[in-house]
Each structure stands twice: as structure tokens, then as C-alpha cells.
Student: 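Here you go, one structure.
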Number of protein chains: 2
Amino acid sequence: MSKGQETKQRLLDSAQELMYSRSYSDVGVQEICKDAKVQKGSFYHFFSSKSALTVEVLEQLKMQMIESILLPAFAKDLTPSKRFERFIEYAYQHQLHLKEEYGYVLGCPMGNIALEMSTQDEEIRKKVETLFESIFYVFVDVLDDAKAAGEIDEAANTSELAQVCLAYGEGVLLVAKTKNDPEVVKQLLPHVSKLIGFKGLAD
Amino acid sequence: MSKGQETKQRLLDSAQELMYSRSYSDVGVQEICKDAKVQKGSFYHFFSSKSALTVEVLEQLKMQMIESILLPAFAKDLTPSKRFERFIEYAYQHQLHLKEEYGYVLGCPMGNIALEMSTQDEEIRKKVETLFESIFYVFVDVLDDAKAAGEIDEAANTSELAQVCLAYGEGVLLVAKTKNDPEVVKQLLPHVSKLIGFKGLAD
DNA sequence: ATTCTAGTTGACCGCTCGGTAAAGTCAACC
DNA sequence: GGTTGACTTTACCGAGCGGTCAACTAGAAT
């Protein structure tokens with residue numbers, strides 16, 4: 001990686017962590033620069049605005065989320081319903097870890113930014129919308145597998161169910177963050193199996 | 001209402017609308033005062049800080065939400081499952097109305113503030129937590145009715161189901177806000193009946 | 001009539017905000 | 001060796017932030 005790219009990467013990483021642990025508005029470009037050990041002028045060499053930086057942060061966030069959580073959790077070595085169980089465990093462990101490290105359950109970084117910025121910055125809102133779509137496709141894929149495996153009804157609308165899963169997951173994380181309690185994730189997330197309609201499953 | 005109380009009320013109303021349509025951080029004390037036609041000094045006569053004002057805004061929000069949406073929707077003139085249908089319709093109409101008026105789906109005012117402020121202001125986080133509890137009790141009540149009426153399983157854990165309903169509702173509103181599309185509410189919210197487990201219900 | 005106090009006014013504080021501008025550094029390429 | 005262009009540095013901008021303060025007004029209580 002060239003020197004310039006390293007600098008840009010430090011800015012992205014600092015911004016991601018600071019914004020996730022606090023909020024978009026509470027973190028200024030000054031603080032991001034200080035944390036990344038970059039001068040302000042350099043910041044504006046790489047990013048046209050704080051908003052543009054945030055869009056790139058969101059992209060990076062999506063890649064990390066898919067590669068380090070979604071793909072491992074939904075890997076096809078297990079039955080679809082077991083994959084969901086694994087996903088729930090990952091999500092729980094992640095929030096637990098965050099609470100230990102920061103003292104706070106941080107919830108979903110995309111959901112956080114979405115609720116804060118959707119009415120104020122159309123670029124950011126659209127970006128989050130496309131991130132949600134990427135996650136949506138991952139869900140559709142597992143749900144189609146579940147259908148093929150006979151774990152859910154043949155007539156199931158997997159595309160709608162994927163949206164439902166996404167919404168429920170975001171909701172659970174929102175409540176967990178509000179109560180600042182990772183156990184909420186462990187307790188509530190398993191109910192998703194009722195939304196999906198896994199056959200012969202007591203949860 | 002005394003003159004002072006009227007002033008205070010104007011501040012609360014302005015703050016509520018501005019913060020709901022934008023965000024906590026994006027609305028300053030100055031702007032709230034201007035909108036309410038109150039001088040800044042007066043603001044600090046009534047509220048010790050922006051944070052303290054917000055806690056009172058949240059309390060007002062809760063009362064309005066319960067009285068104008070929750071109680072009417074869950075009034076006992078219908079069967080519990082029909083009450084949920086009515087609630088969904090109210091929620092949908094509300095977001096539709098907001099989109100027409102502001103150009104944006106605004107989602108849940110409490111959820112919005114919760115995600116933005118939970119890690120930054122403990123007073124606000126705790127306040128939202130108690131608001132969620134109030135809503136929680138309303139759900140428990142309907143769910144207990146549903147159990148008594150035989151609409152859901154006798155062994156159902158109504159208290160956990162109430163949490164699940166709250167989380168799902170918040171999640172759906174988050175997705176609707178992100179997509180800026182009220183139809184998401186109409187499409188996804190009915191799936192809540194699967195979470196609750198209403199007997200013999202095709203949704 | 002006077003005192004008291006709730007409420008109001010508007011100037012002011014230090015600080016940070018997002019963003020700009022211009023000069024300087026350094027390595028790669030011709 | 002000179003030029004180019006990516007990158008860095010530093011000083012700076014106007015505006016707004018949350019919050020403070022002291023002087024003022026007016027109505028109620030004594």
C-alpha cells in the first residue's frame with residue numbers, strides 16, 4: 001500500500017471506530033485527524049467532506065461485516081436453521097465484546113448511522129440502503145437453501161422473509177443498545193425462527 | 001396554564017418537532033429558542049441543559065404516543081389480534097403522514113434518539129429505557145388478553161413476547177426510515193403475528 | 001407601597017465546527 | 001537536473017455551539 005493509501009486507511013479506521021462508539025455528529029473531523037495522526041489539510045486531500053468520508057466508512061463496514069460475520073455464520077457446512085443459530089451466537093458474542101471494551105452495547109453501526117443521518121444526508125441514507133440490500137441478499141440465499149432443504153414452507157416468500165429478518169435483527173440490536181444489555185440479543189434474537197417459519201422447531 | 005408554563009411548553013413542542021424531523025445533535029438550543037420565540041436566557045430558566053430538555057421531551061413523547069396511538073389501537077372493543085391489526089394500520093398511516101409532511105419517513109422518535117445518544121448521555125439512555133418499559137406494559141396487557149381469549153398458547157411467555165414485539169416494531173421503523181418508504185411498515189409489520197403466535201392465522 | 005419572585009432580555013463567553021488556502025516536501029519520471 | 005503531481009503542513013475562516021450573566025419587567029403577596 002502506498003504512503004497515501006496508508007494515511008487514507010488510518011483516517012477511515014479512526015473514523016469508523018470513533019463514529020461507531022459515539023455518533024456521527026459527536027465526532028468531528030478534527031478529532032478523527034488527531035486520532036489518525038493526520039493533518040486536516042490531508043484529510044481534505046482524500047475526502048471531499050465529512051459526509052464523503054462517512055460513505056466510504058460505511059462501505060468498509062459492509063465488507064468487514066460480510067466477511068467476518070455473515071459469511072462465516074452462514075457458511076454452508078450446517079443446515080440453514082443451524083446457520084441462523086450460529087449467526088445469533090456471533091451477534092451476541094460481538095455485542096458482549098463491545099460492552100466489555102467500551103462499556104456500552106454499540107448495536108449495529110449501519111443502523112446507528114441510518115437513524116441519525118437519514119433525514120439529513122441523502123448520500124449517507126442511500127449508502128446505508130444499499131448496505132442493507134447486500135445483507136438482504138445473504139439472507140435470501142440462506143432462506144432459499146432452507147426452502148430447498150424443506151426446512152421452511154415451499155410457498156415461502158424468501159425475499160420478504162429476508163427483509164423481515166433484517167428488520168428484526170436491527171430492532172433487537174436497537175433494544176439491546178437502549179438497555180445497554182447484550183443478553184437482550186441472546187434472549188430475543190432466537191425468536192427469528194418463528195418469523196422464518198422453520199418447521200418443527202421449538203425455540 | 002401560567003405564562004411561564006406556556007413558554008416552557010412552546011420550547012418542548014419546538015424541540016420535539018425539530019429533533020424528531022432531524023436529530024438531537026443537528027438541532028441547537030439557539031434554533032429551538034428561535035422556533036419557540038423564546039430568548040436563550042429563558043430557555044435556561046426552565047431547563048438546566050439541552051440534555052435535561054430532551055429528557056422532558058421524551059416524557060412528553062411517551063404520553064402522546066400512549067394516548068394517541070397505543071391506547072386507541074389496543075382498546076378492548078376488538079379481539080387482541082384485531083387490535084394488533086389496528087395498531088399496524090395506525091403505525092402505517094402515521095409514517096405515511098410524516099413522509100407527506102416532511103418528505104421523510106421519520107421512524108420512531110424514541111428509537112431515533114436512543115441510537116444517537118445512548119452511548120453519550122446516560123440520562124437520556126435511561127429515560128428511553130423507561131419509555132420502552134411503558135410501551136412494554138401495554139403490549140403485555142394485550143398479550144395477556146390474547147392468552148385469556150385463547151388466541152395464543154396458554155404457555156406463552158407474554159412478557160418476553162412483549163419485548164419481541166417492541167424490538168420488531170422498532171426494527172421495521174428503522175428499515176422504513178432507511179429506505180424512506182412507508183410501505184415497508186405495511187408490508188413487514190404484519191409478520192409480528194408469527195412472533196406472537198396467533199393461532200390459525202394466515203398473514 | 002413595597003417587596004418578592006417568576007420570567008424575560010440580550011449581550012457575552014470560550015470553544016469547536018466543517019471547510020479553505022497556500023506554501024512546502026519528496027519521490028518518481030523524463 | 002528539472003518538472004510534475006501526490007501528499008503534507010500550518011494558519012486561517014465565518015459560523016455556530018452550549019452555556020452564563022446581570023439587568024430588567026411585571027404581577028402577586030404582604
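Because only heavy atoms are used, hydrogens play no part in the values below, and waters and symmetry mates are left out as well, while side chains stay in.
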Student: Looking only at side-chain atoms of A/Q30, point me to the closest of D/dG16, C/dC17, C/dT8.
Tutor: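 Nearest to the side chain of A/Q30 among the choices is C/dC17.
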Student: Does B/E31 pair with B/K34 as a salt bridge, N-O distance under 4.0 Å?
Tutor: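 Here B/E31 does not pair with B/K34 in a salt bridge, since their nearest N and O are not under 4.0 Å apart.
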Student: Please report, rounded to the nearest Å, how far the C1' atom of D/dT8 is from the NZ atom of A/K37.
Tutor: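 After rounding, the gap between these two atoms is 17 Å.
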Student: Checking contacts here: which listed nucleotide (C/dG7, D/dG18, C/dG18) is nearest the side-chain heavy atoms of A/Y44?
Tutor: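 Looking only at heavy atoms from C-beta outward on A/Y44, the closest nucleotide is C/dG18.
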Student: Rounded to whole Å, how long is the line connecting atom CZ of A/F47 with atom P of C/dG19?
Tutor: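 Going from CZ in A/F47 over to P in C/dG19 covers 13 Å.
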Student: Salt bridge or not between A/K127 and A/E122? Use side-chain N to carboxylate O under 4.0 Å.
Tutor: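 No, no charged N to carboxylate O under 4.0 Å.
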Student: Where the side chain of B/T7 is defined as all heavy atoms beyond and including C-beta, which of C/dT8, C/dG19, D/dC7 is the nearest nucleotide?
Tutor: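 The answer is C/dT8, which lies nearest to the side chain.
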Student: Send over the distance from A/E6 CD to C/dA27 P, rounded to a whole Å.
Tutor: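 Nearest whole value for this atom pair: 14 Å.
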Student: Picking from D/dG18, C/dG18, C/dT8, which would you name as closest to the side chain of B/V29?
Tutor: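 The closest nucleotide is D/dG18.
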Student: Over how many whole Å does the gap from A/I32 atom CD1 to C/dT16 atom P extend?
Tutor: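 About 16 Å, once rounded to whole Å.
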Student: Taking the side chain as every heavy atom from C-beta outward, state whether B/L161 and B/L195 have any pair of such atoms under 4.5 Å apart.
Tutor: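 In short, these two side chains do not touch, never coming nearer than 4.5 Å.
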Student: Just compare D/dC7, C/dT8, D/dT9 and give me whichever is closest to any side-chain atom of A/S42.
Tutor: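 The nucleotide sitting nearest to the side chain is D/dT9.
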Student: Under 4.0 Å between any heavy atoms, over every strand shown, what does B/G41 touch: base, sugar-phosphate, or nothing? Just pick one.
Tutor: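 Base, at least one base atom sits under 4.0 Å.
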Student: For the base of D/dG18, is there a side-chain donor-acceptor partner from B/K40 under 3.5 Å away?
Tutor: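 Side chain to base: pair present.
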Student: Nearest to the A/K50 side chain among D/dT20, D/dT8, C/dG19, which nucleotide is it?
Tutor: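 Per side-chain heavy atoms of A/K50, the pick is C/dG19.
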Student: Report which part of the nucleic acid A/F43 touches: base, sugar-phosphate, or nothing (heavy-atom distance under 4.0 Å, all strands).
Tutor: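 If one applies the 4.0 Å heavy-atom cut-off, A/F43 turns out to touch nothing in the nucleic acid.
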Student: Please determine if B/K76 and B/D141 form a salt bridge, counting it only when a charged side-chain N lies under 4.0 Å from a carboxylate O.
Tutor: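 Salt bridge present between B/K76 and B/D141.
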Student: Can you identify which nucleotide, out of D/dC17, C/dG18, C/dT9, has its nearest atom closest to the B/Q39 side chain?
Tutor: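 Nearest to the side chain of B/Q39 among the choices is C/dT9.
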Student: Any Lys/Arg nitrogen of B/D77 or B/R83 sitting under 4.0 Å from an Asp/Glu carboxylate oxygen of the other?
Tutor: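 No, no charged N to carboxylate O under 4.0 Å.
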